[in-house]
Each structure stands twice: as C-alpha cells, then as structure tokens.
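These notes are about the structure you will find just below.
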2 protein chains.
Amino acid sequence: MARSEADRGEYPLTAAERVANELTETILGTLAPGAQIPSEADIAARFEVSRLTVREAVKMLVGRGLLHIGRGRRAIVREPDSSVFAALLVAIVRNDPKGLFDLIELRMAMESLSSGLAAKRASRAGVQAIDAAMRDMRKSAAEAADGANPEAEARFHESDLQFHEAVAMASGNRVIAFIFEAMAKPLRESFVMSRRGQTLRGAGRSETLEAHQAVLDAIRTGNQRAAVDAMRAHLKSTELDIRSHLASGVAAA
Amino acid sequence: MARSEADRGEYPLTAAERVANELTETILGTLAPGAQIPSEADIAARFEVSRLTVREAVKMLVGRGLLHIGRGRRAIVREPDSSVFAALLVAIVRNDPKGLFDLIELRMAMESLSSGLAAKRASRAGVQAIDAAMRDMRKSAAEAADGANPEAEARFHESDLQFHEAVAMASGNRVIAFIFEAMAKPLRESFVMSRRGQTLRGAGRSETLEAHQAVLDAIRTGNQRAAVDAMRAHLKSTELDIRSHLASGVAAA
DNA sequence: CCGCCAAACATATCTGACAGGTGCGAGCAA
DNA sequence: TTGCTCGCACCTGTCAGATATGTTTGGCGG
C-alpha cells in the first residue's frame, strides 16, 4: 500500500500550498535561524498571489514551527521547536488507548541511551546542569519530608524531570534532546491527571535520590556502562509505580 | 529595556492563535480522526471573528498535520502525520553539522529496541510484512548481482529500508513507528546525496542479506535477545559504511 | 551626541465579492 | 419503482480594499 498522502496528489496544489512549499525550500535551504523572511507584500509580488494567500502559507509554516511572527515585524526563521512535535505526540497518545504506554516504553529506552552517551561525552556544563537538578531534588525532598508539603512535593517532581532532561541534553545528541523535550508534555499532562491526590511515599523519595545520585556519579566519572545500568535500574524500579498510577488514573476516568 | 524574544508569550494572543488553540483542544479532546470540523462560517460565528481569521487558524492546524482540507468540503481531522515531524528533523539535521550523525545514532538504538519488541509481540501480519521485504531484498540482490544494474541496486536499498520500517511497525509501538517513519526522509535524502556514484560491493550485499535473515528468524521464533543482538550486529557492521559514505559526502560538498 | 517623535513600514483583522469544487435531493427516464 | 442525471445549496479558494495597531528608523531639537 502506498503512502496515505497520495490522495492529495490527485488535485492540483492550492496557491497557498504552493507558496508554502516553496517558502519551506527557501527557508530550509538558504536561511539560518534568526533570519528574516521578506515581507508579505514582497512575497505576494514574487509569487503573483494576494497577500492573503501569503499569510495562509506563512501560517502553515508557523504551525510547523518553522517561523515565528510578531505583529509589526517580519517573520523570522525559528529553530525547530519541540512543542510542535509535542502536540503530535499528544495526538498519538490520545488516539491510542495504549499510546501512553508506548510513549513510556520508548522514553525509558532513550533514557538508558542518553545516560550512556552522557557518560561518554558530557561537557563540564552538562554535568553541572545535572548536578544542579540533583541539588534541587535534595532540597525539595528535605522540605517535603517533614510533613505534608504539596508545594515541595511538586518541586521535587519538577526537578526530577529536569534531571532527566539535563541528562538528555548532556548526551550531546540534539535529536535525542529534541524528542525528549517533546515527550515531557504529554507525560506531565497524564501524570497530573493520574496522580490526583496521590503522593509518593517517603521511602520512595530517598530511593529515588540514591538512584539519581548513582546515575550522576557514573556520568561524572565517565563510566558508560555504569551510567546505562544505573539509569536502567532506576527506571525499572519506577516503572511499576508509573504503571499502577496510570492504571488507576485510567480506571478512574 | 530590550525585549528578548523569550517574552513573546506575554503578548496577548492574536485572534487567529486563540482560535487555533481552542480548535486544537476541541479536536484532540472530542473529535476522532476522520470526523469533520464545523464549516469556516460556523466557527467564525462561534468565536466572533471573521472567516479569514478562522482560515488562518485552520491553516496552522493543517501545518501541524492535525487537519486535512479539500476544496468544497469541510476540513476533516487527520491522524498524526509523520511528515510534519520529518520536516522538523530535516531542519535539525540541516542546522547542525553533526545533526545527521545524531540522527543515525538514535536510529540505531531504536532499531535494536524495536527488533527486540517485535520478537516479543509481533503479530502474524507484522512478521509477514518483514518477510515480504526480505523477499524483495533477495530478488533485487539477485538481479543486481549479475552485472551493473543501478535500478535493481536502488530497489535493493529501498526494500532494505522497508525491512527496517516493517520491523518498527511490528514492534507494536506506534510512537516508535511514527518517529521511525519520519526519520526515513532525512536519511534517504542524505544517502542519495552522499552515495552518488558509489555502489555497495557484492560481498556487502550477501552479508546484508544474511544479517537481515538472522533478524527475521529471531523475530519469527520470538527470541527477543537474539533479535536485539542480530540487529545490533547488523547495525554495527553497516555503521562504518554509513559513516564513510557520509564523510565522503560531506567532504565532497 | 543623545533622546524624542512622526512617518514609513509591517502585520492583524474585517467586509464584501466572486470563482469553482462537492454533495444531496428533486425530477425525469426506463 | 428504480436508477440516473442535473441543478442548486453549501463550502472552500482567492482576490481587492480598508482600518487598526505595533515596529523601526531617520530627522530634528536640545
């Protein structure tokens, strides 16, 4: 079976699509992020279409995350924005009952990978970022430990996520970091939904801290295998928690 | 006070963005793929904006791949389209000198993963698809072997890619399959660019066939570890080829 | 040289209009 | 009655022109 997009090829492209395609070529081919594209009027003149058509084409590229527009100034080329991919992931996850599990499955595999890569080639700044997240975790864990403190609890989870994102960044692989960043949104979304009222037990927190510290140590010392193993072990232990959270969330919904 | 571009969120959303956001919510929340959205006029009335504004909002969603529009009929909700993500990957790869290597790095990790998952839970149809690609490979390999036959050569590489895509599909993980599909475009693009005039040695072809067969066998028999190992070994052996191709391609460019 | 302001520029949005593709139902033919 | 065709209502594609408002810049006064 051929591509499903083939059904659009039967019809001639609309003017807006034509302009959008050519603009995309121009942008990807010759324009660096931060550069300005010509004004709507100029583009309209060049393609011999109305300004409205140009606006629609530009809006499509904005939807793709290739351009950023602000009132009064010309559109500027944008670095690929993970939020667009995040929207796609949200759509996939919502369309498929087990989409969230698929997402988590991939996420875990990518975590092990990025952890190992980070151990192999993390920069000083990269390690520092991970370390900073680690310190934040410890701090909010301490504050959350001595009593019911939902705010510190939330900050704990936030810095937890930041730890993992910092590891992904430190992998030095921009594609991984990009995908990782995008995955955060649907995951966060479903967690707040499924974690309503629930809190991690204190024991879970200290275990989590230890596990993260092990990952950090391995990365800092450049021990690739240890980094992979530490991350894998950490994920394994949290997997059950996550799944039970999700299961209860789904059941409640 | 210099306003950095980081604070664009502080500006009030434009009408078109507002409509686009609300439409996105509606679509993701209550509309299944294939469903029609209201007509432009209806949406315009509901949000109290002009039809033009609605059109721009819709065009943004089209750019995101959430909608498909055809002249004369209302826009229909679309299943997430990997080509949008593919465009993002192309942008990343082109912006970053080592972007292509990052992409390959991730791709290889995901191949091992999907191979193992396919062994664990591939459906009969999934295995059949892999098998079909395998047969195509053999056929075009045979035709390419007895002389210079660029066409068969091309078909060989095509079915090679299809083999890997079939494995990704067979993993049963839609997120993986989605990302995988998107990666194919930038990879193919750079390969044709870097492979100009080069051809794989015949020995490489028969080795490739064997390696693929090993993966297929492992998946068919449900041997997860063997599937991962076979795929990893295959990738390891092709990694050098790819890198040298890329290196020569970059050097030539 | 610095700071302020108006004009030029650019985007945001609206109104109104017309062309052309789609789909459904009414009416006609077998 | 059944089936087919044709026309009309609906919908999107595109244009022109107009107003509102934000951004940039060049010139002018201090």
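We name chains A, B, ... by the order of the sequence lines, and we start the count at 1 in each one. No hydrogens, no waters, no symmetry mates; every other heavy atom, side chains included, goes into these values. Nothing here was measured: the structure is a model prediction, and the numbers come from that model.
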Are A/D81 and A/S83 linked by a side-chain donor-acceptor pair shorter than 3.5 Å?
-> yes
Could you please name the option among [options] that lies closest to any side-chain atom of [X]?
| X | options | value |
| --- | --- | --- |
| A/R51 | D/dC11, D/dA18, D/dT24 | D/dA18 |
| A/A15 | D/dT14, D/dG13, C/dC14 | D/dT14 |
| B/T53 | D/dT12, C/dC14, C/dT11 | C/dC14 |
| B/V49 | C/dC14, D/dC15, D/dG13 | C/dC14 |
| B/S39 | D/dT12, D/dA16, C/dC14 | D/dT12 |

Nucleotide [N], atom [atom2] - distance to [atom1] of [X] in whole Å:
| X | N | atom1 | atom2 | answer |
| --- | --- | --- | --- | --- |
| A/R74 | D/dG22 | CZ | P | 20 Å |
| A/R71 | C/dC9 | CZ | P | 19 Å |
| B/M60 | C/dA12 | CE | C1' | 11 Å |
| A/L52 | C/dC18 | CG | C1' | 14 Å |
| A/H68 | D/dT23 | NE2 | P | 11 Å |
| A/R73 | C/dC9 | CZ | P | 19 Å |
| B/R55 | D/dT14 | CZ | P | 7 Å |
| A/L67 | C/dA12 | CG | P | 12 Å |

Could you tell me whether a side-chain N or O of B/R121 sits under 3.5 Å from a main-chain N or O of B/S171, the two making a donor and an acceptor?
-> yes
Polar side-chain atom of B/S115 near backbone of B/E111 as donor-acceptor pair, under 3.5 Å | no
Closest-nucleotide 5' rank along DNA chain D - winner of A/S50 and A/G70 = A/S50
Which residue, A/G72 or A/V54, contacts DNA chain D at a nucleotide closer to its 5' end, judged by nearest heavy atom?
-> A/V54
Drop me the distance from A/L89's CG to A/I179's CD1, to the nearest 0.5 angstrom.
-> 8.5 Å
Does a side-chain N-to-carboxylate-O contact under 4.0 Å join B/D42 and B/R46?
-> no
